[in-house]
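Beneath this line is the structure, given in structure tokens, with notes to follow.
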Amino acid sequence: MARWVLHVDMDQFVVAVEILRHPELRGLPVVVGTVGDPGRRGVVSGCSYEARAFGVRSGMALRQARRRCPGAVFLASDPEAYRRASHQVMATLVGFPADVEAAGWDEAFLGATTDDPERLARDVQAAVRARAGLACSVGIGDTRERAKVASALAKPGGVLRLTAANWLAVVGPEPPRRLWGVGPRTQARLATLGIRTVAALARADPDAMAAAFGAHAGPHLVALARGEGPAAVSPRRPPPRSHGHQQTFASDLGDPALVRSAVAGAADEVAADLRRSGAKARRVAVTVRFAPFDTHTRSAPVGAHSGGPDGVRPAALAALGRFRLDRPVRMVAVRADLAAPATAPSS
DNA sequence: TCTGGGGTCCTAGGACCC
DNA sequence: TCTGGGGTCCTAGGACCC
């Protein structure tokens with residue numbers, strides 16, 4: 001029997017959850033945003049296939065979504081409902097003879113030993129539909145990268161297998177953006193080098209790519225284009241490396257005192273996270289986004305308070321003190337880098 | 001045209017040390 | 001006075017993902 005990676009990806013997850021409790025929305029263009037009001041600052045966190053037909057995309061500004069699809073139903077995001085649905089899905093997956101690694105609310109990797117991965121994929125789809133009432137697509141691969149790309153190509157509701165044998169035939173003509181780990185910036189840089197397809201990137205000289213993208217990142221890009229990479233699926237999640245909170249203001253803040261109080265508030269939320277998790281902070285970074293979108297970060301160590309929660313706010317305000325708050329501010333963020341857990345030293 | 005909130009990882013320059 | 005080659009830490013920025 002062979003070892004396979006399956007990538008299970010829920011179809012239009014947040015919208016599907018909304019349709020479960022609002023069946024009358026089925027078949028309509030539906031847009032779920034951070035806020036339900038498309039006149040306010042916020043982005044699309046999920047949209048139905050009917051809305052996508054109008055050009056609405058995840059991550060798009062709500063105002064732009066409304067321009068593209070004025071007739072869409074706009075709903076506010078309800079994270080608690082999505083988390084409950086996610087738990088149902090993950091509980092269903094854990095019932096299968098496989099290692100299960102959650103990769104966000106709406107997707108998971110399965111590591112399974114089987115001679116019929118398609119059969120397993122169909123069984124997973126049926127079980128998720130029966131238990132949670134939701135549809136998913138399943139990618140099958142001999143690496144995580146291939147399984148991940150396969151599930152995207154299988155949408156909606158399909159099953160697709162990608163291995164070394166058919167990877168380039170299927171994915172080769174696609175733009176590099178199709179790869180898991182290549183975004184719009186990297187695709188644009190690749191285009192300036194004349195590389196416009198996955199196949200072209202797979203043929204690229206790793207040394208030349210190292211010169212252009214860095215010693216590690218360059219060859220890594222070529223490996224991605226070949227579908228290579230790890231195949232391990234690990235059910236245990238590593239401890240978090242950071243905790244953060246950020247706030248975009250409904251309208252820009254011109255008063256530095258208000259900016260300081262927003263930073264203090266975010267720092268207190270981070271401190272509360274630290275208390276819950278028992279983790280220690282190493283540094284605290286404050287990000288200030290000036291209008292329209294000019295973004296800078298300053299950080300400070302939390303040494304004076306031994307990394308405890310009480311040290312977060314002073315460190316955040318110290319970092320903020322290094323900014324000149326002479327322009328309107330759109331967003332502030334506070335993030336704490338966590339110290340490695342103080343468990344038994346291993347060496 | 002306008003760009004949320006929560007994260008992870010990589011790069012690169014300078015400081016500092018041997 | 002001019003000077004190699006490595007390592008690690010600190011810091012800011014960038015890219016990407018869900």
Side-chain angles (χ1 to χ4, degrees), chain A residues 7-10 12-14 31-46 55-68 76-77 79 82-83 86 101-109 144-145 148-149 151-152 176-190 210-221 224 237-250 252 266 269-270 273 277 282-303 319 322-323 330-338:
Chain A
H7 183 252
V8 178
D9 201 9
M10 305 307 296
Q12 51 170 19
F13 178 63
V14 303
V31 176
V32 177
T34 37
V35 293
D37 178 359
R40 294 184 52 204
R41 281 182 175 166
V43 300
V44 175
S45 41
V56 177
R57 292 291 179 271
S58 192
M60 173 181 284
L62 287 178
R63 279 187 250 252
Q64 188 183 7
R66 182 175 57 179
R67 270 194 303 275
R68 295 207 174 176
S77 175
Y82 312 143
R83 179 162 32 202
S86 179
E101 176 183 332
W105 285 353
D106 67 337
E107 59 182 273
F109 287 97
R144 292 164 67 95
E145 178 75 18
K148 172 81 181 173
V149 172
S151 70
R177 185 81 174 80
R178 182 66 77 174
L179 299 170
W180 183 38
V182 175
R185 305 283 179 173
T186 302
Q187 171 156 300
R189 281 184 69 192
L190 288 168
F213 289 90
H216 176 85
H220 180 62
L221 283 171
L224 286 185
R237 240 205 308 192
R241 312 294 304 268
S242 66
H243 285 304
H245 284 273
Q246 68 183 76
Q247 184 185 8
T248 296
F249 307 111
D252 301 335
E269 295 198 62
V270 171
D273 288 343
S277 70
R282 253 174 20 98
R283 300 186 64 80
V284 172
V286 170
T287 298
V288 176
R289 176 125 71 211
F290 297 98
F293 212 73
D294 183 28
T295 308
H296 298 276
T297 300
R298 294 289 179 273
S299 63
V302 198
R322 295 169 55 201
F323 284 97
R330 176 190 178 93
M331 186 274 299
V332 295
V334 175
R335 176 161 296 277
D337 282 349
L338 304 185

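In what follows, chains are A, B, ... by sequence order, proteins preceding strands, each numbered from 1.
- Taking 4.0 angstrom as the limit, Arg282(A) places a side-chain polar atom (N or O) nearer than this to OP1 or OP2 of dC10(C).
- For Trp105(A), no side-chain nitrogen or oxygen approaches OP1 or OP2 of dG6(B) to under 4.0 Å.
- The backbone N or O of Ala152(A) lies less than 3.5 Å from no partner atom in the side chain of Arg178(A), so there is not a single donor-acceptor pair.
- Annotated as syn: dC2(B), whose glycosidic dihedral is within 90° of 0.
- Among the atoms of the strands shown, only primed sugar atoms or phosphate atoms (P, OP1, OP2) are found under 4.0 Å from some heavy atom of Arg322(A).
- With Arg289(A) contributing its side chain and Asp294(A) its backbone, the two residues share no donor-acceptor pair below 3.5 Å.
- A donor-acceptor contact shorter than 3.5 Å is absent between the side chain of Arg330(A) and the backbone of Phe293(A).
- Atom CG in Asp273(A) sits roughly 15 Å away from atom P in dG5(B) (whole-Å rounding).
- By the 5.5 Å and 30° criteria, Phe293(A) is stacked with the base of dT3(B).
- In this structure, Val182(A) reaches the sugar-phosphate backbone alone: every heavy-atom distance under 4.0 Å involves primed, P, OP1 or OP2 atoms, never a base.
- Note on Arg57(A): nothing from the nucleic acid sits closer than 4.0 angstrom, heavy atoms only.
- Residue order along DNA chain B, read from the 5' end via each residue's closest nucleotide, puts Met60(A) first among Pro240(A) and Met60(A).
- Residue Ala333(A) is classed as having no contact, given no heavy-atom separation below 4.0 Å to the nucleic acid.
- Distance NZ (Lys148(A)) to P (dC16(C)): 15 Å, rounded to an integer number of Å.
- Listed pair Ser77(A) / dG4(B) fails the phosphate criterion, with no side-chain N or O lying under 4.0 Å from OP1 or OP2.
- His245(A) has a side-chain polar atom (N or O) that falls below the 4.0 Å cut-off from OP1 or OP2 of dG6(B).
- With both pairing distances under 3.5 Å, dC18(B) is matched to dG5(C) as a Watson-Crick or G-U wobble pair.
- In the set dC2(B), dG5(B), dC17(C), the nucleotide with an atom closest to the side chain of Arg67(A) is dC2(B).
- Contact annotation for Arg40(A): no contact, since no heavy-atom pair falls under 4.0 Å across all strands.
- Rounding to whole angstrom units, NE2 of residue His216(A) and C1' of dA15(C) are separated by 13 Å.
- Side-chain proximity of Thr186(A) to dC17(C), dG6(B), dC16(C): nearest is dC16(C).
- Looking at heavy-atom distances under 4.0 Å, His243(A) makes contact with sugar-phosphate atoms alone, never a base.
- Among the protein residues, Arg66(A) comes within range of no part of the nucleic acid, since none of its heavy atoms lies under 4.0 Å from any strand.
- Between dG4(C) and dC17(B), the two C1' atoms lie 14 Å apart (nearest whole Å).
- As a whole-Å value, the separation of Phe290(A) CZ from dT3(B) C1' is 18 Å.
- Atom C1' of nucleotide dG4(B) and atom CG of Asp37(A) are separated by 15 Å, given to the nearest angstrom.
- Across dG13(C), dG6(B), dT3(B), the shortest atom-to-atom separation from the side chain of Arg63(A) is found for dT3(B).
- The main-chain N or O of Met331(A) is never found under 3.5 Å from a side-chain atom of Thr248(A) such that the two would form a donor-acceptor pair.
- Listed for the Arg298(A) side chain is no donor-acceptor partner under 3.5 Å among the backbone atoms of Arg322(A).
- Using a 4.0 Å cut-off, some side-chain N or O of His296(A) falls inside it from OP1 or OP2 of dG13(C).
- Taking 4.0 angstrom as the limit, Ser58(A) places none of its side-chain polar atoms (N or O) nearer than this to OP1 or OP2 of dC18(C).
- Heavy atoms of Arg68(A) sit nowhere under 4.0 angstrom from any nucleic acid atom.
- Arg41(A) comes within contact range of the sugar-phosphate backbone alone, with a heavy-atom separation under 4.0 Å but no base atom that close.
- Taking only side-chain nitrogens and oxygens, Arg177(A) never comes nearer than 4.0 Å to OP1 or OP2 of dC16(C).
- Contact annotation: Arg298(A) side-chain N/O to dG13(C) OP1/OP2 distance is under 4.0 Å.
- The distance from atom CD of Glu101(A) to atom C1' of dC17(C) is 14 Å, rounded to the nearest whole Å.
- Closest to the side chain of Val43(A), from the set dC17(C), dT3(B), dT11(B), is dT3(B).
- Residues that satisfy the side-chain hydrogen bond (donor to acceptor under 3.5 Å, both in side chains) test with Asp37(A), not counting sequence neighbours, are absent from this structure.
- Checked against dC17(C), dC9(B), dA12(C), the side chain of Arg241(A) finds its nearest nucleotide in dC9(B).
- A heavy-atom distance below 4.5 Å is found between the side chains of Val334(A) and Val284(A).
- Straight-line distance from the CG atom of Asp337(A) to the P atom of dC10(B): 14 Å, rounded to whole Å.
- Leu179(A) comes within 4.0 angstrom of sugar-phosphate atoms only, judged by non-hydrogen atoms across all strands, and of no base.
- Put simply, Ser242(A) has a side-chain N or O that comes within less than 4.0 Å of OP1 or OP2 on dT8(B).
- Between Gln246(A) atom CD and dC18(C) atom C1' the separation is 14 Å, expressed in whole Å.
- Listed for the Gln187(A) side chain is a donor-acceptor partner under 3.5 Å among the backbone atoms of Arg177(A).
- Applying the 4.0 Å criterion to OP1 and OP2 of dG14(C), one finds that Arg185(A) has every side-chain N and O outside that range.
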